[in-house]
Novice: 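One structure is given below, represented as structure tokens, and several questions about it will come after.
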Amino acid sequence: MLKEIEKYAKEHKVPIMLKDGIEYLCNYIQENHIQNILEIGTAIGYSAIKMALVKENIHITTIERDEERYNIALENIRNMHLEDRVTLILGDAMEVNVTGNFDLIFIDASKGHSIDFFEKYEPYLKKGGTIITDNLSFHGLVENEALAVTKNQKGLVKRIKKFIDFLENNPNYCTNYIEVGDKISISIKK
Ligand code: SAH
Ligand code: MG
């Protein structure tokens, strides 16, 4: 099943988490006894399924704005019999509302809006909880800005750098960066 989802993602260019990144995330969930997770950016449900499979007591709320992907995610989650533990929300994460008190928030949506997602959802994070954000490297362009050629790429690099600045200067969180996948940040709420 998971192999099929990976294949679908590859064929349809759905940017699911890379192997080392998702493995790191799942280990983090296991080691820190995480139970309640909020994910921004479901795509077709790959990372949500992987995280839910770490342990039976894990519950995930995940938001996706693309209706086609949302429908595929729904089907994948049903096929895995995880519908009781994975709650899907269709909508723009900046517009929908969630309830809950999460141990982990995983931000993996539009790369240029991480600050917005972080600020909107951090009130729903428990003290001592973690916010993990994907795509801090943007395929190396953030570290090597000369590689950014199009206006769009340059704009995104600027926004990702702004997000890193925001994390560095956020007195309520302590952030580390891990070179897995497309580089992730791990911010722990003090
Ligand atoms: N976490 C997934 C991959 C997510 S790809 C995995 O690893 O399996 C990023 C997804 O975020 C895309 O499907 C995109 O449609 C969605 N997205 C981008 N901006 C969003 C927003 N503002 N609200 C909800 N979803 C968003
Ligand atoms: Mg990503």
Side-chain angles (χ1 to χ4, degrees), residues 1-29 34 37-54 58-80 82 85-98 102 104-122 124 130-142 152-153 155-157 159-160 163-164 177-187:
M1 245 307 323
L2 278 164
K3 283 266 170 296
E4 256 165 53
I5 299 175
E6 285 167 9
K7 197 172 146 218
Y8 179 95
K10 204 168 175 186
E11 278 166 7
H12 294 81
K13 295 199 165 45
V14 182
I16 61 169
M17 267 238 133
L18 300 170
K19 216 176 176 85
D20 61 338
I22 191 69
E23 260 167 33
Y24 184 92
L25 194 58
C26 288
N27 280 333
Y28 190 92
I29 290 166
I34 282 163
I37 302 171
L38 173 67
E39 176 182 63
I40 323 282
T42 317
I44 54 173
Y46 179 72
S47 52
I49 290 170
K50 287 286 258 187
M51 293 191 287
L53 290 176
V54 171
I58 291 170
H59 190 275
I60 302 172
T61 302
T62 179
I63 309 170
E64 174 56 52
R65 70 175 171 192
D66 181 289
E67 195 166 356
E68 196 183 339
R69 287 185 179 172
Y70 164 86
N71 283 322
I72 295 168
L74 259 183
E75 200 184 311
N76 287 336
I77 284 154
R78 281 197 194 124
N79 287 340
M80 296 293 295
L82 289 170
R85 296 199 287 118
V86 181
T87 306
L88 274 117
I89 299 174
L90 172 63
D92 188 316
M94 287 313 292
E95 282 158 22
V96 302
N97 288 310
V98 298
F102 300 97
L104 171 70
I105 298 176
F106 175 45
I107 302 175
D108 190 19
S110 35
K111 298 177 183 48
H113 294 94
S114 299
I115 296 183
D116 303 329
F117 298 133
F118 193 110
E119 286 188 320
K120 173 163 179 184
Y121 288 104
E122 71 101 6
Y124 302 96
T130 308
I131 300 184
I132 295 186
T133 309
D134 188 31
N135 303 105
L136 289 203
S137 164
F138 188 26
H139 320 298
L141 269 61
V142 174
N152 186 31
Q153 287 173 336
L156 269 177
V157 167
R159 281 171 157 258
I160 296 170
F163 177 59
I164 295 170
Y177 305 91
I178 315 282
E179 298 280 349
V180 289
D182 194 24
K183 194 170 178 180
I184 61 172
S185 57
I186 302 198
S187 309

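Heads up: numbering here begins at 1 and tracks the sequence. Counting starts at 1 for both ligands and their atoms, following the listed order.
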Novice: Check ligand 1 against P15 and write out every atom of the ligand that is under 4.0 Å from a heavy-atom position of the residue.
Specialist: 3 (C), 5 (S)
Novice: Can you tell me the N, O or S atom of D134 that's nearest the Mg ion (ligand 2)?
Specialist: OD2
Novice: Find all atoms of ligand 1 within a distance of less than 4.0 Å from any non-hydrogen atom belonging to D92, and give their numbers and elements.
Specialist: 21 (C), 22 (N), 23 (N)
Novice: Considering only non-hydrogen protein atoms, determine which one is nearest to atom 12 (C) of ligand 1 and report residue, atom name and distance to 0.1 Å.
Specialist: R69 NH1, 3.2 Å
Novice: Heavy atoms only: which of M17, E6, E64, R65 lies closest to atom 14 (C) of ligand 1?
Specialist: E64
Novice: Looking only at protein heavy atoms, which one is nearest to atom 18 (C) of ligand 1, and what is the separation?
Specialist: S110 N, 3.4 Å
Novice: Any N/O/S atom, side chain or main chain, of N135 closer to the Mg ion (ligand 2) than 2.8 Å?
Specialist: yes
Novice: Tell me, please: is H113 in heavy-atom contact with ligand 1, that is, under 4.0 Å?
Specialist: no
Novice: Which of the atoms of ligand 1 are close to G91, meaning less than 4.0 Å from one of its heavy atoms?
Specialist: 23 (N), 24 (C)
Novice: May I ask you to identify, for M94, whether its side chain, its backbone, both or neither come under 4.0 Å of ligand 1 on a heavy-atom basis?
Specialist: neither
Novice: Can you label the angle between the Y124 ring and the Y121 ring as parallel, tilted or perpendicular, going by 30° and 60°?
Specialist: tilted
Novice: At what distance is the nearest protein heavy atom to atom 6 (C) of ligand 1, and which residue and atom is it?
Specialist: S47 OG, 3.0 Å
Novice: For N/O/S atoms only: which one belongs to D108 and is nearest the Mg ion (ligand 2)?
Specialist: OD1
Novice: Using a 4.5 Å cut-off on heavy atoms from C-beta on, say whether the side chain of L2 contacts that of L53.
Specialist: yes
Novice: Which of the atoms of ligand 1 are close to A109, meaning less than 4.0 Å from one of its heavy atoms?
Specialist: 11 (O), 17 (N), 18 (C), 19 (N), 20 (C), 26 (C)
Novice: Identify the closest protein heavy atom to atom 3 (C) of ligand 1: which residue and atom is it, and at what distance?
Specialist: D108 OD2, 3.4 Å
Novice: Distance to 0.1 Å, residue and atom name: give those for the protein heavy atom nearest to atom 23 (N) of ligand 1.
Specialist: A93 N, 2.8 Å
Novice: Of all the atoms in ligand 1, which lie at a distance below 4.0 Å from a heavy atom belonging to T42?
Specialist: 2 (C)
